[in-house]
Amino acid sequence: MTTVETAPATPLTWRPPAGALWSGRWVDGASTMPVHDPEDGRLLGHVTDTSPTEVDQAVTGVATAVASGASGKSWPAWKRREALEEAAALVVRHRERLAEVISREGCKTLREANGEVSRAAETLRLSARQTDRLTGETLPFPDTSRGEGRLGWYTREPVGVVAAITPFNDPLNLVAHKVGPALAGGNGVVLKPAEATPLTALAFAEILLDAGVPAGRLAVVPGTGSGAGHALVSHPLVDLVSFTGGHRTGNAVASAAGAKKTLMELGGNNAVLVLDDADTPAAAQAVVAGAFGVAGQNCLSVQRVFVAARIAAPFLRHVIAATEELRVGRKADPRTDIGPLISEREARRVEEWVQEARDSGAVVHTGGRRDGAFHWPTVLTDVPADAKVMTEEIFGPVLVVEPIDTVDEAVARANDTRYGLQAGVFTTALDTALDIAERLRVGAVMINDSSDFRIDAMPFGGPKRSGVGREGVRYAVEAMTEPKVVAVRRGA
């Protein structure tokens, strides 16, 4: 693996019109906070550190805009569809500037950032298609004697104001996954992006306004979780909170939100099962790609692999070889496979978890080193069952490989976690794969693929600590709208 190289950084080619957006205009709040490149600590700019009072202005402004158009006449479904389609086209048109911002303020290589831009455009296109599906159905009043002489139906109406809180690891597409469905459903949105990556959200907001989204229906309030975030989710005019982040923060969000609707994706500790009839080299390549993309900072990353003992040794050799081919380096270098973690603090945490496992008897086969915010892709075996790298979501480039003797043991080990987001199974026996899929307690099972696969039309989420409800464009639109019944008594 290649040592990190440094090079002079150039200024960003895009700057936001102001540090925040609310009440239909770009504004600079009373306080600011800096945005740095995690690769080298260079200052990229400043955004507003939104205060609770300013959050109140933002939420009140969006709520007023939504209330004034509650009937849908001010921004009907066809206009919403056209705005989202235009936004998708603008995202593609501004690919280079968006990819630059994503990569510079975040942890993605420029190659990974370009991929995220494509996915965000697809998310917006999928959101646009939902506007003609906001239909209800007639209700079976004749099916009961109490319904005689009546007819009725229901429609789907917006919930009102959606508070969206997004993480750093997909600063464009995960924003699109919340804002797109919310707007498609006719809602207003107040977005608080991750503290580390607010510039991408502001660039995206500018695109949405240029595409025709009414300025009053969208606000962006950068800031801290304890400041802007708490004020947003606890605001009485917020009707639904959509949050992606860690379980501990999710608990705090739920407590602050109180009795209002929530959608939460809270991470995973994802397992892949490799059975003895699997294509060993192909499985190893898929596992390495799924474990170390975005330096492991992905809720779908492969963290634990349970491999049949008969093929464990060759599988491990393939994994180590593929891992050692990865290049660690500058995000802007097209040859780079692994960039930095989002901060040196996070890299130190990963380093500490690896050392804890090593002190308890784990074997480090490759990696296990850190340089600033960079942590080298690391493969471990012989990890104790109670080590953090086995029990918690590491959100870093660490992979645990463990041999298993039976399918039952593999399923039990995979389920032995407080998370349940996704899993992968490699086998050529379809009946076995389907049996395992039924027994795994997760939101999705990828057969002959790693856990790190998702299309944006899928229902996305999982049981246990992995979240509340389901995202994915269609399912988010459904959650962000609610049925309204109209019943007519004839002859009255």
Side-chain angles (χ1 to χ4, degrees), residues 1-4 38-39 107-109 168-169 246-248 267-272 274 284 287-307 312-313 315-329 336-404 413-414 416-419 421 450-452 465:
M1 281 178 280
T2 304
T3 302
V4 178
E39 180 175 300
C107 49
K108 289 191 170 181
T109 66
F168 68 82
N169 58 316
H247 182 264
R248 181 180 299 177
N269 180 354
N270 306 299
V272 168
V274 183
V287 162
V288 168
F292 300 131
V294 200
Q297 297 163 112
N298 178 3
C299 60
L300 295 180
S301 287
V302 181
Q303 185 169 330
R304 300 170 298 143
V305 179
F306 301 107
V307 55
F315 176 81
L316 181 61
R317 287 196 298 271
H318 285 297
V319 165
I320 294 169
T323 302
E324 291 182 341
E325 289 177 358
L326 297 173
R327 181 185 178 92
V328 178
T336 294
D337 300 300
I338 308 294
L341 274 73
I342 194 61
S343 67
E344 184 170 347
R345 182 182 65 180
E346 283 299 295
R348 288 184 184 276
R349 177 190 59 78
V350 172
E351 180 183 43
E352 290 167 1
W353 286 22
V354 170
Q355 188 60 49
E356 177 204 60
R358 177 183 275 168
D359 291 343
S360 300
V363 176
V364 178
H365 292 271
T366 187
R369 61 175 282 216
R370 181 187 64 83
D371 181 2
F374 291 83
H375 193 288
W376 266 248
T378 301
V379 178
L380 304 175
T381 61
D382 302 308
V383 176
D386 60 351
K388 287 190 180 73
V389 296
M390 188 67 85
T391 62
E392 301 296 328
E393 180 183 36
I394 192 164
F395 224 65
V398 178
L399 177 66
V400 176
V401 179
E402 295 293 324
I404 45 93
R413 295 284 300 276
D416 187 20
T417 173
R418 290 176 289 183
Y419 295 91
L421 194 53
S450 82
S451 61
D452 184 28
R465 274 193 173 189

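When reading the values below, keep in mind they use all heavy atoms of this one structure, side chains included, and skip hydrogens, waters and symmetry mates.
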Exam field: side chain Glu39 to backbone Pro340, donor-acceptor pair closer than 3.5 Å: no
Would you mind reporting whether Leu316 and Val379 have side-chain heavy atoms less than 4.5 Å apart? yes
With sequence neighbours left out, write down each residue that passes salt bridge (Lys or Arg N to Asp or Glu O under 4.0 Å) with Glu352, or none if nothing qualifies. none
Report yes or no: does Gln297 contribute a side-chain atom to a donor-acceptor pair with the main-chain N or O of Val294 at less than 3.5 Å? yes
Glu402: partners by salt bridge (Lys or Arg N to Asp or Glu O under 4.0 Å), with sequence neighbours left out: none
Return yes if some donor-acceptor pair links the side-chain N/O of Thr378 with the main-chain N/O of Trp376 below 3.5 Å, else return no. yes
Donor-acceptor pair, Glu324 side chain versus Thr366 backbone, under 3.5 Å? no
Given Phe306, which of Val274, Val401, Ile404 fulfils the side chain to side chain contact (heavy atoms under 4.5 Å, CB included) condition? Ile404
Kindly indicate whether the side chain of Cys299, heavy atoms from C-beta on, has any atom under 4.5 Å from the side chain of Glu393. yes
Tightest non-hydrogen contact, residues Asp452 and Ala289, listed as OD2-O, 4.2 Å
Distance-minimising heavy-atom pair for Leu399 and Val319: CD2-CG1, 3.9 Å
Between the main-chain N or O of Leu300 and the side-chain N or O of Ser451, is there a donor-acceptor pair closer than 3.5 Å? yes
Can you see which heavy atom on Ser301 is nearest to which on Asn270, and at what distance? O-ND2, 3.0 Å
Keeping Arg370 on the side-chain end and Gly372 on the backbone end, is there a donor-acceptor pair under 3.5 Å? yes
Can you find a pair of side-chain heavy atoms, one from Phe374 and one from Arg369, that are under 4.5 Å apart? no
Please find the pair of heavy atoms, one from Ala295 and one from Leu341, that lie closest to each other, and give the distance. CB-CD1, 4.2 Å
Out of the candidates Arg465, Glu392, Arg418, Arg304, only one should pair with Asn269 under the side chain to side chain donor-acceptor pair (under 3.5 Å) rule; please name it. Arg304
Counting C-beta onward and ignoring hydrogens, is there a side-chain heavy-atom pair between His375 and Arg349 closer than 4.5 Å? no
Closest approach of Pro38 to Ala373 (non-hydrogen atoms, all atoms of both residues): O-CB, 3.5 Å
Ala312: side chain to side chain contact (heavy atoms under 4.5 Å, CB included) partners, not counting sequence neighbours: Val307, Pro403
Do you know which two heavy atoms are closest between Val328 and Pro377, and how far apart they sit? CG2-CD, 3.8 Å
